[in-house]
Amino acid sequence: MAFTKNEIRVGLFIVVPLLILMLAILLKLGYSIAGATMDVYLKTDSITSIKKGTPIRIKGYQIGRVVEIKPVYKPALHFLATMRISRDIELYEDCTAIIQNQNIIGDPTIEFRNPERRGGPLLAGDVIEGIEVVNLEVLLGNVNTLVSNLSSTVSVIKQITVDSRQNLKSLVSNLAGSVSNLNAILTNSQKDLGSILSSFRETAKTMNEISIELKRHPMKFLFSGKKDSTE
Amino acid sequence: MGRDMDFTVIPGRTGRRVIGFWRDVLDFRDFLRSIITSFQSLRYIRLRSLYAIVVNQIRFTGIDALLFVILIALMIGGTVIIQASTNLPRFGIEGFLGNILVIIIARELGPLVTALIVISRSGSAMVTEIAVQKWSREILSMEIMGIDTRLYIVIPRVIASILSITSLIVIFDTVAFFGGYLISLTTIYIPADQFLQALLDAFSFKDLVSALIKSFTYGTLIPLIACYYGFLPRSKFEVPVYVSRAVIRTLFLIFVINAFISVIFYF
């Protein structure tokens with residue numbers, strides 16, 4: 001049965017959109033035309049830690065590798081690392097990708113951690129924000145900054161100490177002057193104390209005489225002044 | 001007398017228009033009824049001849065309009081994607097790019113622009129073709145031979161239009177999304193997988209059903225109105241009048257139906 005050119009063109013015109021429609025429905029239903037792996041993306045600000053071939057692990061078990069790293073220039077420079085991971089592992093869309101070192105001098109690795117609250121499954125083409133936990137270069141950089149800050153602080157303290165030495169000297173000499181002044185005051189006060197004491201003695205002597213006189217002639221002592229006043 | 005005329009002119013004209021419109025509605029209803037009754041004579045007609053008309057009509061309505069539809073879809077898709085991807089980040093909603101594209105292109109612009117192209121291209125052509133057939137007494141000859149002209153002329157065009165518009169809408173949306181994406185790469189970088197995933201996330205089965213209902217409704221109404229006006233001219237001088245009237249009324253009706261379906265599905 002031969003078809004005319006017109007019929008074939010019309011057939012294609014109907015069939016191709018129908019296939020596109022069916023493909024869209026299948027993709028929406030979660031089916032995939034790819035194999036046992038899927039590609040997801042890791043968004044990271046710098047690629048100092050990761051490189052092509054960096055292993056991807058979950059609970060220490062390797063599930064894939066970084067296959068490509070592409071720069072993205074807009075809106076600000078960042079990088080998208082294509083991670084080819086196994087479909088067999090159950091991963092969720094809110095999972096975190098932690099860029100860390102296997103040990104203190106080991107190669108970097110990307111560790112996947114599933115969220116506590118599990119949402120939808122991680123699908124091919126999803127983008128995950130990378131979190132850098134231990135980056136040796138950044139860590140060393142930070143330590144270097146800390147040491148330089150400490151050194152500058154020590155030099156500032158040294159400078160302050162040198163400046164304060166002169167002030168301390170004058171303070172000590174002022175204190176010595178104050179002590180001598182206090183001594184002089186105390187020395188002067190000793191003379192006055194003697195006269196005060198002798199005055200006290202004189203007063204006591206007088207009081208003694210008065211009391212003797214009072215004992216001998218009490219009436220005379222008491223009323224002698226009155227008599228004089230009446231006179 | 002002049003004052004009486006002033007008072008009666010406006011209500012008189014309005015009444016005449018309303019009655020005229022109502023008469024048109026009744027005529028159209030009779031036309032639809034005659035098409036439904038024409039199915040009775042389906043057994044007397046050779047399906048092969050209907051098939052040839054359907055194929056020719058799909059070629060004219062769909063394939064011949066394909067280049068035009070692709071060009072318009074590319075331009076609209078590129079414009080929408082560039083505008084959305086450059087302006088959405090200002091409002092902090094760049095994550096809604098897929099949703100914006102599905103809302104604007106798949107839900108509204110795709111079916112509407114395709115219908116506009118089909119109306120202006122094929123609708124007017126159908127009116128003219130049938131009017132010329134009537135003027136040249138081809139339709140009369142067919143009726144004399146016992147062929148049901150409603151069945152022979154209208155039904156294949158309706159089937160062809162439904163298939164053509166559905167295919168054109170799918171092609172329009174696909175080209176607008178992916179062609180537009182390629183155009184937008186000149187101004188902004190979006191990873192292809194990320195773009196496809198955003199589209200799939202935003203796309204829902206409600207959108208699919210809505211697009212299919214729209215394509216079926218437009219595919220039915222456009223040829224029906226065109227054929228109705230095609231049968232009306234009584235002389236060749238009335239042909240342009242009815243062509244213009246058919247195009248304008250179909251356009252108006254399509255906009256109303258588009259709004260009506262969107263309200264039903266998304267409110």
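Each chain gets a letter, A, B and so on, in the order its sequence line appears, and its residues count up from 1.
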### Query
If you look at every heavy atom in A/Val10 and B/Arg59, which pair is closest and at what distance?
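For A/Val10 versus B/Arg59, the nearest heavy atoms are CG2-N, 4.1 Å.
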#### Entry: Closest non-hydrogen atom pair between A/Pro17 and B/Val170, with its separation
O-CG1, 3.5 Å
Does a sphere of radius 6.0 Å around [atom1] in [X] hold more than 12 heavy atoms from other residues, nucleotides or ligands, not counting ones at 6.0 Å or beyond?
X: B/Phe260; atom1: CZ; result: no
X: A/Glu90; atom1: CD; result: no
X: B/Phe205; atom1: CZ; result: yes
X: B/Phe255; atom1: CZ; result: no
X: B/Tyr266; atom1: OH; result: yes

### Task
Count the heavy-atom pairs under 4.5 Å between each of A/Thr4, A/Asn6, A/Ile20 and chain B, then report the option with the highest count.
A/Asn6
### Message
Heavy-atom pairs under 4.5 Å with chain B - which of A/Ile14, A/Leu18, A/Val127 has more of them than the others?
### Response
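Maximum pair count with chain B is reached by A/Ile14.
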Relative to chain A, which segment of [X] carries a heavy atom at a distance below 4.5 Å: side chain, backbone, both, or neither?
X: B/Ile63; value: both
X: B/Thr166; value: neither
X: B/Leu168; value: both

### Task
Heavy-atom distances under 4.5 Å only: say whether A/Leu80 touches chain B with side chain, backbone, both or neither.
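A/Leu80 touches chain B through side-chain heavy atoms alone.
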### Query
Which distance, rounded to the nearest 0.5 Å, do you find between the CZ of A/Arg9 and the CG of B/Asp64?
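Answer rounded to 0.5 Å: 6.5 Å.
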### Message
For chain A, which candidate among B/Val55, B/Ile171, B/Leu199 shows the most heavy-atom pairs at distances under 4.5 Å?
### Response
B/Val55
### Query
Can you tell which of B/Ile169, B/Thr174, B/Asp173, B/Ile58 has the highest number of heavy-atom pairs within less than 4.5 Å of chain A?
B/Ile58
### Message
Measuring only between side-chain heavy atoms, which start at C-beta, is B/Leu163 closer than 4.5 Å to A/Phe13?
### Response
no
